[in-house]
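Let me begin by presenting the structure, written as structure tokens, before commenting on it.
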Amino acid sequence: MEIIATAKPEQNRAVADPWTMVHFSAGLALGLVNAPLRWSLAAAVAYELVEQFVERSERGKEFFDSAYPETVPNAVLDVVVFAAGHQLGQMWNRAR
């Protein structure tokens with residue numbers, strides 16, 4: 001398994017892919033608007049679970065434009081960077 005996707009065919013098969021940054025950014029945005037971490041994290045985990053199911057269907061592969069469903073390490077990293085982004089957003093709000 002690749003650590004970092006460097007080409008489109010490696011998307012979802014590597015631990016980190018371009019979508020990892022999108023998850024970080026979503027967490028950052030929710031942290032900046034002071035969304036509760038509990039609800040934000042629950043939404044991120046729910047999204048990853050739904051994505052696991054949907055990407056295994058032909059329509060899901062087409063919708064997400066991916067050849068393979070997301071690996072578990074990739075899904076876990078997406079949630080971790082989401083939480084890190086959320087924390088950074090909240091830290092920014094507390095900074096004076």
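Under the 4.5 Å side-chain criterion, counting only non-hydrogen atoms from C-beta, Phe24 is in contact with Leu88. Between Asp65 and Lys8 there is a side-chain heavy-atom pair separated by less than 4.5 Å. Asn74 places none of its side-chain heavy atoms less than 4.5 Å from the side chain of Trp19. Using a 4.5 Å heavy-atom threshold, the side chains of Ser57 and Phe63 count as separate. Between Thr71 and Val15, the closest side-chain pair of non-hydrogen atoms is not below 4.5 Å.
Ring geometry, Phe64 versus Tyr47: the interplanar angle exceeds 60°, so the pair is classed perpendicular (tilted spans 30 to 60°).
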Applying side-chain contact (heavy atoms from CB on, under 4.5 Å) to Trp39 and Leu30, what does each step give before you reach the verdict? CA-CA 10 Å; Trp39 292 105; Leu30 287 171; over 6 Å; no

Starting from the C-alpha separation in whole Å, work towards a yes-or-no answer on side-chain contact (heavy atoms from CB on, under 4.5 Å) for Glu48 and Glu51. CA-CA 5 Å; Glu48 290 298 330; Glu51 186 180 19; 3.2 Å; yes

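Taking CD1 of Ile4 as the start and CD of Glu10 as the end, the distance is 10.5 Å to the nearest 0.5 Å. In this structure, CG on Asp78 lies 8.5 Å from CG on Asn12, to the nearest 0.5 angstrom. The distance from atom CZ of Arg56 to atom CD of Glu70, rounded to the nearest 0.5 Å, is 9.0 Å. With values rounded to the nearest 0.5 angstrom, Gln87 atom CD is found 6.0 Å from Gln90 atom CD. Note: Gln11 CD to Glu2 CD = 14.0 Å, rounded to the nearest 0.5 Å.
Met21 is connected to Trp92 through a chain of hydrophobic side-chain contacts under 4.5 Å among Ile, Leu, Val, Met, Phe, Trp and Tyr, so both are in one cluster. In the hydrophobic cluster analysis, where Ile, Leu, Val, Met, Phe, Trp and Tyr join through side-chain heavy atoms closer than 4.5 angstrom, Leu49 is grouped apart from Val81. If you chain together hydrophobic residues whose side chains sit under 4.5 Å apart, Leu77 and Leu28 fall into the same group. Hydrophobic clustering of Ile, Leu, Val, Met, Phe, Trp and Tyr side chains at less than 4.5 Å, counting indirect connections, unites Val72 with Val80.
In this structure, His86 and Ser40 approach most closely via the heavy-atom pair NE2-OG, 3.4 Å. Of all heavy-atom pairs between Leu32 and Gly89, the closest is CD2-O, 3.6 Å. Listed here is the closest heavy atom pair of Ala75 and Gln52: CB-NE2, 3.8 Å.
With sequence neighbours excluded, the residues that form a salt bridge (charged side-chain N to carboxylate O under 4.0 Å, His left out) with Glu58 are Lys61.
With hydrogens and angles disregarded, no donor-acceptor distance shorter than 3.5 Å links the side chain of His23 to the backbone of Ala44.
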